[in-house]
Amino acid sequence: MDEPQLFLYGVCFVTVLLAVSQFGKSFLDKVLGTFRRRQSIDYFKLSGVPPPKPLLDFNVDKAQARPYRPFRWSYHQTMSLKKMEPDYWLELESTYKERIAQRKALHAKHGKQIIDALPGSELACRELMEMAIQFLCVRYPKQFHFDGRTLYNRILDTKSKVDEEDPLVVLNNNVPEDFLLTLPDSKTGLYTMVAGVCCSSIGWNVATKIGKPLKEIHNVVPDYKEKMEFSMDRYFSKMPTDKPIQRGSWGLEIGQPLWLQDGDPHFAVRTTQDPNLKIEDIYLRVDWQTLRRLPRSRSIVFNFKALFTPLSSFRNEPYIPHLVLKVLTEGKKNLMDYKGTWHIEHKVIPALEEWCKEQEEKGWVPEKWEVRTLDEDPYYPGWKKTL
Ligand code: HEM
């Protein structure tokens, strides 16, 4: 064999080797991926977060979320974190069927504004889906079953083949919860949003936040830079897998807007104080949020669920009217502007004043009670009786 021939054979050999190794790699990935899944990783053990207690007589149509009322006074921008209770990472309640249908429709209509993932986030997305499935099957054993390949959802009577579907789509079709995933950026080391499935967002969406570090994601949040940026970055770099935390964000809305983007006609209602607005049309919206680190990918995931409660419920919730009234009337202006409460205040403030008086007359709240964050935060005294 002469030299050029040898060279040609050499090139051919290397090309074939590369092609085979590429094919081999994706084949191996698939087999290994499937094999690993069959192994059924115990994420409870791996993360150090114990499994939830199974709810054997759970009825989704009757289930109520706990009445989260994350109102604080004094009201400053702080992380205000609480330890996550392992039973309550994902909480299903009576809006489940309606909410999943709404989520599927939003995804079909808005695509990457609802679900998107950057290259490099694959393991994290898959792991998150597997953890969520494991949680659902333990917590709601009569409603969910997983055989290693297929998730059986007995509430909706659907099946999700996890090896064939996008993990974030599996989540969207089964879990009425939003998930934003972060990983440290390879150049800056800053935690950056690399993937998300999110239907409950007002004025932003997955497409407007993906690829951004925490400080940019939060650049519209008042006092973030001064009060939170430093502690958040430090918190993220140190967060262990066995210490998930929870917190709540709240707003007051007309109706129950889940997904609202600039330009939507509903946004216009936020710029006026409608004299005909009725109290029964005003709702508290609470986004109950969890932050946890996944044990394999090390991704930090932020998940949250929007819960709506008619404002009129406050009438029967001791101390809540006093707290909300204080925040609305004396809260820091930049925080209240960000929350956008002005458009309902003309109706809400007089109603709260009336309910405060009523609760004092009934002896539920001492007269001249000095408003402060409740010991029961994020609930109120007697809340357990309401469930
Ligand atoms: C300990 C962790 C975190 C804290 C304390 C926190 C805090 C906040 C606060 C105070 C707000 C303003 C609304 C409110 O009152 O709650 C906010 C908004 C927001 N946060 Fe976070 N956050 C955290 C983690 C994350 C993560 C990991 C992501 C995404 C990967 C994220 C995405 C957002 C988004 C998209 C908004 C809405 C911003 C907008 O209005 O455009 N947050 N966050």
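Quick note: numbers below take in every heavy atom, side chains included, and nothing from hydrogens, waters or symmetry partners. Numbering of ligands and ligand atoms starts at 1, following listing order. Owing to the predicted nature of the structure, the values given are computational and were not obtained by experimental measurement.
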**Report entry** Best match, G251, P213, S249, G196: closest heavy atom to atom 16 (O) of ligand 1
**Finding:** S249
Query raised in the report: Which word best sums up how the rings of Y379 and Y68 line up, parallel for under 30°, tilted for 30 to 60°, or perpendicular for over 60°?
Result: tilted
Query raised in the report: So F135 and Y140, would you call those rings parallel, tilted or perpendicular, with 30° and 60° as cut-offs?
Result: perpendicular
**Report entry** Close-contact set for ligand 1 against T182 heavy atoms, below 4.0 Å
**Finding:** 30 (C)
Query raised in the report: F236: heavy atom below 4.0 Å from ligand 1, yes or no?
Result: yes
Requested in this report: Measure across P167 and C125 and return the closest heavy-atom pair with its distance rounded to 0.1 Å.
Outcome: CB-O, 3.6 Å
Requested in this report: Could you tell me whether some N/O pair between H218 and ligand 1 is separated by less than 3.5 angstrom?
Outcome: yes
Query raised in the report: Mind checking whether L214 has a heavy atom under 4.0 Å from ligand 1?
Result: yes
Report task. Find out whether the Lys NZ or Arg CZ of R139 is both under 6.0 angstrom from the six-membered ring centre of Y88 and within 45° of the ring's axis. Result -> yes
Query raised in the report: For F179, which residues count as a ring-ring contact (aromatic ring centres under 6.0 Å, His included) partner, sequence neighbours excluded?
Result: none
Report task. May I ask whether W250 places a heavy atom under 4.0 Å from ligand 1? Result -> no
Query raised in the report: Do the numbers put R270 on top of the ring of F267, so that NZ or CZ is under 6.0 Å from the six-membered ring centre and no more than 45° off the axis?
Result: yes
Query raised in the report: So, is Y338 polar-close to ligand 1, with some N/O to N/O distance under 3.5 Å?
Result: yes
Requested in this report: Under 4.0 Å from a heavy atom of K339: give me the atoms of ligand 1 that qualify, with their elements.
Outcome: 15 (O)
